[in-house]
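See structure below.
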Number of protein chains: 2
Amino acid sequence: MSEAAKSCLIQKLSHYVTLDQTSLENLAELERDERIFKRQDEVYQGGERNANLYVVKRGWLYSYTDLMDGRRQIVEIHHPGDIVGFPDIAFHETTTVLRAAEDVCLCPFPKVALKKVFRDAQQLSALLFTLSIRNQVILIDFLRAMGRMSARERIAYLVLDMLARLRIANKSVTDTFNLPLNQTEISDILGLTNVYVSRSFTALEKEGLIERYNGTIRILQEARLAEMCDFFDRHSDLDTAWFPASNT
Amino acid sequence: MSEAAKSCLIQKLSHYVTLDQTSLENLAELERDERIFKRQDEVYQGGERNANLYVVKRGWLYSYTDLMDGRRQIVEIHHPGDIVGFPDIAFHETTTVLRAAEDVCLCPFPKVALKKVFRDAQQLSALLFTLSIRNQVILIDFLRAMGRMSARERIAYLVLDMLARLRIANKSVTDTFNLPLNQTEISDILGLTNVYVSRSFTALEKEGLIERYNGTIRILQEARLAEMCDFFDRHSDLDTAWFPASNT
DNA sequence: CGCGTAGTTGAGACCATTCAAAGAGAGTGG
DNA sequence: CCACTCTCTTTGAATGGTCTCAACTACGCG
């Protein structure tokens with residue numbers, strides 16, 4: 001795997017701050033192992049006593065929870081360069097199920113590896129903390145979308161959010177991206193039904209706001225979409241000024 | 001203010017881990033100043049360049065955002081002993097508005113004070129990190145409620161969550177608590193309308209699940225409420241085993 | 001070709017909303 | 001003590017956005 005010369009985790013983190021030597025060494029340890037999962041595989045179930053976190057090397061995944069009667073809610077989508085599992089380190093058991101949306105490659109590492117990070121790598125600690133908080137803000141934005149937006153507005157929000165995330169990782173992304181989720185999965189993200197996702201997508205398309213060819217989304221009128229769902233990009237900008245001085 | 005002999009922040013944190021000397025000293029610095037705000041006062045607006053965080057000493061507050069057309073979503077409720085403003089330290093500008101639900105007392109401290117915490121107090125850093133992540137899980141639970149639950153189920157979820165939070169801070173809380181929010185505010189938490197909150201509350205009361213006397217909620221059938229909204233208490237239990245060793 | 005999965009479309013039902021009005025307290029001033 | 005206002009809650013009736021159920025279409029694959 002020589003394309004890992006520069007891992008996408010390091011690449012993503014470097015977008016926000018120049019990593020010092022200690023941080024780089026600690027990060028390298030998190031990406032030592034590798035495991036492959038196939039589309040629809042479940043990496044872990046909810047309620048497991050599993051104590052691993054995962055760096056995403058390749059492919060999309062998502063975390064979801066079920067209600068007892070089968071209703072499902074997808075609560076986060078994971079892209080290459082993300083660290084998966086933070087929400088679970090605060091608890092003894094995993095709170096969600098992690099599933100591969102397509103074929104993926106993950107680097108598992110034990111929860112206790114963070115102990116070393118927090119002891120030795122202050123810069124990296126602060127960065128991980130900040131990113132975890134950024135995630136929280138993104139969740140809050142989603143909460144707002146779920147609580148107060150119509151189906152069409154939510155879909156607008158989702159595609160803009162995805163586009164913003166992909167642009168961080170890959171500067172060449174402009175207005176088109178591949179969406180490896182079916183409409184049932186999208187409905188479970190947005191708190192809708194697959195039927196209504198279909199109707200809403202069709203409506204957006206008829207208005208000339210987006211275009212679709214099997215699995216690919218093209219944003220035609222980004223500004224109008226952003227306006228209809230009051231979108232704000234949380235991905236590009238991060239305040240790192242309060243970080244402790246890096247130890248070289 | 002001599003009841004601050006043991007602050008409710010320290011009390012709350014001590015619930016999860018025995019704080020070492022360094023942690024205690026750092027915490028004391030965060031609670032040096034005090035400011036009073038009156039019911040409905042806005043501590044800060046969204047989009048401000050404000051770089052303060054706040055420890056809640058007394059009273060409830062909440063953070064909310066508005067959509068452009070006036071729709072509102074309350075995204076977090078803050079109780080005594082909480083630190084308010086974490087979601088904003090990742091960004092240059094505040095992302096939400098902070099409003100006092102009743103008369104409150106806050107301890108403001110600057111964002112950069114965290115720099116010292118992360119440099120000197122590893123135990124406290126890890127704890128703050130963990131609590132921030134716990135918050136994220138709580139948000140995820142709420143997201144699930146918003147996406148997949150009916151109005152009555154959401155209200156059940158809200159009151160059970162509040163009860164669980166209050167029990168951490170005050171062991172004497174059993175089945176009754178004061179709710180200093182009106183139905184419009186509750187509807188803005190749950191993504192409903194004030195009218196439907198009223199109807200749903202009345203329905204729950206008629207079924208004998210809860211009772212209300214002006215502003216006070218009493219849980220009559222906690223088990224049945226928990227079952228109808230698949231409630232899980234995230235407040236009582238936290239995994240601190242991975243924390244770095246405390247420096248005495 | 002047949003099969004399975006995913007997306008589309010239609011009709012009817014339902015949960016929650018909107019708009020409107022009435023009732024219940026709490027506080028104020030005369 | 002009463003009239004008045006203000007805020008909050010409750011209730012009714014009509015509307016509407018989204019869901020449910022079901023059938024149909026499109027596509028990829030063995």
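The sequence lines fix the lettering, A, B, ..., with proteins before strands; numbering per chain opens at 1.
In this structure, B:E205 atom CD and D:dT11 atom C1' are separated by 15 Å, rounded to whole Å. B:M146 places its CE atom 16 Å from the C1' atom of C:dC15, with the value rounded to the nearest Å. A straight line from OH of B:Y196 to C1' of D:dG12 spans 14 Å, rounded to a whole angstrom. Going from atom CZ of A:R152 over to atom P of D:dG16 covers 16 Å, rounded to whole Å. As rounded to whole Å, 10 Å separates atom C1' of C:dT17 from atom CG of B:L192. Distance, B:N194 CG to C:dT18 C1': 11 Å, rounded to whole Å.
Among the atoms of the strands shown, none is found under 4.0 Å from any heavy atom of B:V197. Residue contacts shown for B:R39 are limited to sugar-phosphate atoms, with no base heavy atom under 4.0 Å away.
Contacts with DNA chain D (heavy atom under 4.0 Å) in residues 179-191 of chain B: B:N182, B:Q183, listed by number. A heavy atom lying under 4.0 Å from DNA chain D marks the following residues of residues 209-217 of chain B, by number: B:R212.
A salt bridge links B:D82 to B:K12: one of the charged nitrogens lies within less than 4.0 Å of a carboxylate oxygen. A salt bridge links A:D66 with A:R72; the closest basic N to acidic carboxylate O contact falls under 4.0 Å. Between A:E222 and A:R167 there is a salt bridge, with a side-chain nitrogen of the basic residue lying less than 4.0 Å from a carboxylate oxygen of the acidic one. Ionic pairing of A:D230 and A:R144 is present here: one or more N-O contacts between side-chain nitrogen and carboxylate oxygen are shorter than 4.0 angstrom. With salt bridges taken as basic N to acidic carboxylate O contacts below 4.0 Å, one links A:R71 and B:E153. Between A:R234 and A:D141, at least one side-chain nitrogen of the basic residue sits less than 4.0 Å from a carboxylate oxygen of the acidic one, meeting the salt-bridge criterion. Using a 4.0 Å cut-off between a side-chain N of Lys or Arg and a carboxylate O of Asp or Glu, B:E102 and B:K38 do not qualify as a salt bridge. Ionic pairing of B:R148 and A:D188 is present here: one or more N-O contacts between side-chain nitrogen and carboxylate oxygen are shorter than 4.0 angstrom. In this structure, A:D175 pairs ionically with A:R218, as a charged nitrogen and a carboxylate oxygen lie closer than 4.0 Å.
Between B:K206 and A:T193, the residue anchored nearer the 5' end of DNA chain D, judged by the nucleotide with its closest heavy atom, is B:K206. The nearest heavy atom of DNA chain C to A:V195 and to A:R148 marks one nucleotide each, and the one closer to the 5' end goes with A:V195.
One finds the CD1 atom of A:I138 at 12.0 Å from the CD1 atom of A:I133 (value rounded to the nearest 0.5 Å). Here the straight-line distance linking atom CG of A:N135 with atom CD1 of B:I140 works out to 8.5 Å at 0.5 Å rounding.
Contact between the side-chain N/O atoms of B:S198 and the OP1/OP2 oxygens of D:dT9 is not found at any separation under 4.0 Å.
Residue A:R199 places a side-chain atom within donor-acceptor reach of the base of D:dT20, judged by atom type and a 3.5 Å distance cut-off alone.
At its two ends the helix from C:dC1-D:dG30 to C:dG30-D:dC1 runs along axes set 30° apart, each axis drawn from five pairs and the angle rounded to 10°.
Aromatic pair A:F142/A:Y157: centroids less than 6.0 angstrom apart.
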